[in-house]
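Heads up: the structure comes next, in C-alpha cells.
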Amino acid sequence: MKSNPYLKHPTSNPALVEETISSKEIFDGKIISLQVDTVKLPNGQTGTREIIKHPGAVAVLALKGDKMLVVDQYRQALGRTQVEIPAGKLDPGEDPMEAAGRELREETGYHAQELKPLPAFYTSPGFADEVIYLFMADHLEAGRMQLDEDEFLEVIEVTLDEAYELIREGRISDAKTIVAVYAWHLYQLTGKI
C-alpha cells in the first residue's frame, strides 16, 4: 500500500495477513470496479474475497457560525432523498484537499479560506477500499453553486440540535455525515478534533 499523508497505517499482526494468490476483475465501471481475489488464509486454507475498488472521496464539515452546511439530494441506491455534508469522488491524481475545496464550492457555492484535515476513514473495509478524506471548513465566503449537469440538490443550514434530530428521523443516515456531526459536537465541546 502506498503512503498516504491523510491516513496512518498501524503495523499489522503478521499472523493475520492473507496472501493474495490471484485476482480476477469482474466489472469495471465509471466509478467502481469489482474484483474477486483468491487468498491464502492464515491457517493455510484458501478463500475468496469480493472487493469493490473505488478512487476515494472527500467530504467537508462546513461550518457557518453555529450552523453546518448540508445538502438534501436524491440517492438512487436508497430510493429517497438524503441529507448529507458536501462530498464527492476524487478525480485521478487529485489532491484530497483540493478536491474538498472544489466539492464545497460546486455543491454549496461557498469557498473556505482554510480546510483542516480531520481523520480519514474507510467506508466498508470488509469489501471495499473506498476511503473518505474528511475536512473541516469555517470562515466561509459565499459564492455561486456549480453543480454537475446531472446533480440536483438543496443547500440547508442546520444547528447541531437539528442535525441530531435529522439523524433520529433517519434523514441523515450515511456514515460520513454522522461522523461529521459527532466531530462537530466534539469541536464545540473541546475546541479541537
Side-chain angles (χ1 to χ4, degrees), residues 6-7 31-32 54-91 94-126 128 130-193:
Y6 297 99
L7 292 172
I31 298 175
I32 63 164
H54 187 283
V58 294
V60 183
L61 166 57
L63 300 176
K64 188 177 167 197
D66 66 345
K67 296 191 176 183
M68 173 178 74
L69 296 179
V70 291
V71 297
D72 193 5
Q73 67 184 44
Y74 185 80
R75 292 299 195 183
Q76 178 65 22
L78 304 179
R80 64 178 176 84
T81 59
Q82 168 91 355
V83 175
E84 303 176 11
I85 59 175
K89 179 180 73 67
L90 281 169
D91 291 332
E94 188 175 23
D95 178 75
M97 189 173 290
E98 290 175 16
R102 173 182 50 80
E103 287 295 336
L104 179 64
R105 281 188 309 277
E106 288 177 3
E107 293 191 0
T108 69
Y110 283 90
H111 169 77
Q113 293 178 10
E114 179 184 12
L115 288 166
K116 300 170 191 150
L118 300 179
F121 57 94
Y122 291 99
T123 58
S124 299
E130 179 187 20
V131 62
I132 294 184
Y133 301 94
L134 183 60
F135 294 87
M136 185 173 78
D138 54 9
H139 308 293
L140 302 175
E141 297 172 1
R144 191 174 57 83
M145 292 170 64
Q146 301 166 0
L147 298 175
D148 294 334
E149 63 183 35
D150 64 347
E151 196 171 32
F152 303 90
L153 52 84
E154 177 186 8
V155 179
I156 305 168
E157 298 177 14
V158 297
T159 64
L160 183 61
D161 287 340
E162 291 168 335
Y164 276 121
E165 183 58 30
L166 289 168
I167 291 170
R168 281 189 289 278
E169 292 172 357
R171 292 194 55 216
I172 290 176
S173 60
D174 66 301
K176 70 183 178 304
T177 305
I178 292 172
V179 166
V181 169
Y182 289 142
W184 181 25
H185 194 167
L186 180 62
Y187 182 66
Q188 284 191 341
L189 292 173
T190 67
K192 59 185 175 183
I193 298 178

Euclidean distance, [Y] [atom2] relative to [X] [atom1], rounded to 0.5 Å:
X: Leu153; Y: Leu147; atom1: CG; atom2: CG; value: 5.0 Å
X: Leu160; Y: Lys67; atom1: CG; atom2: NZ; value: 12.5 Å
X: Gln82; Y: Leu166; atom1: CD; atom2: CG; value: 10.0 Å
X: Leu189; Y: Tyr187; atom1: CG; atom2: OH; value: 12.5 Å
X: Leu61; Y: Met68; atom1: CG; atom2: CE; value: 6.5 Å
X: Lys89; Y: Ile132; atom1: NZ; atom2: CD1; value: 13.5 Å

For the residue pair [X] and [Y], what are the closest heavy atoms and their distance?
X: Ala163; Y: Val158; value: CB-CG2, 4.2 Å
X: Ile85; Y: Ala59; value: CD1-CB, 3.6 Å
X: Glu130; Y: Ala57; value: OE2-CB, 3.9 Å
X: Leu90; Y: Ala99; value: CD2-CB, 3.5 Å
X: Val60; Y: Ala100; value: CG2-O, 3.6 Å

Side-chain donor/acceptor pairs under 3.5 Å, residues 104-118, sequence neighbours excluded:
| unit_1 | atom_1 | unit_2 | atom_2 | d |
| --- | --- | --- | --- | --- |
| Arg105 | NH1 | Gly101 | O | 3.2 |
| Glu107 | OE1 | Ala87 | N | 3.3 |
| Thr108 | OG1 | Leu104 | O | 2.6 |
| Thr108 | OG1 | Tyr110 | N | 3.1 |
| Tyr110 | OH | Lys64 | NZ | 2.8 |
| Gln113 | NE2 | Glu141 | OE2 | 3.1 |

request  = Before giving the answer on side-chain contact (heavy atoms from CB on, under 4.5 Å), spell out for Lys176 and Phe121 the whole-Å C-alpha distance, their side-chain angles and the decisive distance to 0.1 Å.
outcome  = CA-CA 9 Å; Lys176 70 183 178 304; Phe121 57 94; 3.8 Å; yes
query = Does the Asp95 side chain pair with the main chain of Glu98, one donor and one acceptor, at a distance under 3.5 Å?
reply = yes
ask   = So, Asp148 side chain and Glu151 main chain: donor-acceptor pair closer than 3.5 Å or not?
value = no
ask   = For the residue pair Tyr164 and Tyr182, does the interplanar ring angle fall in the parallel (under 30°), tilted (30 to 60°) or perpendicular (over 60°) class?
value = tilted
query = Got more than 12 heavy atoms from elsewhere within 6.0 Å of CZ, Arg144?
reply = no
request  = Could you go through the side-chain contact (heavy atoms from CB on, under 4.5 Å) check for Val58 and Glu94 one step at a time?
outcome  = CA-CA 11 Å; Val58 294; Glu94 188 175 23; over 6 Å; no
query = Is any side-chain heavy atom of Trp184 closer than 4.5 Å to a side-chain heavy atom of Met136?
reply = no
Please tabulate, for side-chain N and O atoms in residues 69-77, each donor-acceptor pair with protein atoms closer than 3.5 Å (sequence neighbours left out).
| unit_1 | atom_1 | unit_2 | atom_2 | d |
| --- | --- | --- | --- | --- |
| Asp72 | OD2 | Arg171 | NH2 | 3.2 |
| Arg75 | NE | Glu84 | OE2 | 2.9 |
| Arg75 | NH2 | Glu84 | OE1 | 2.8 |

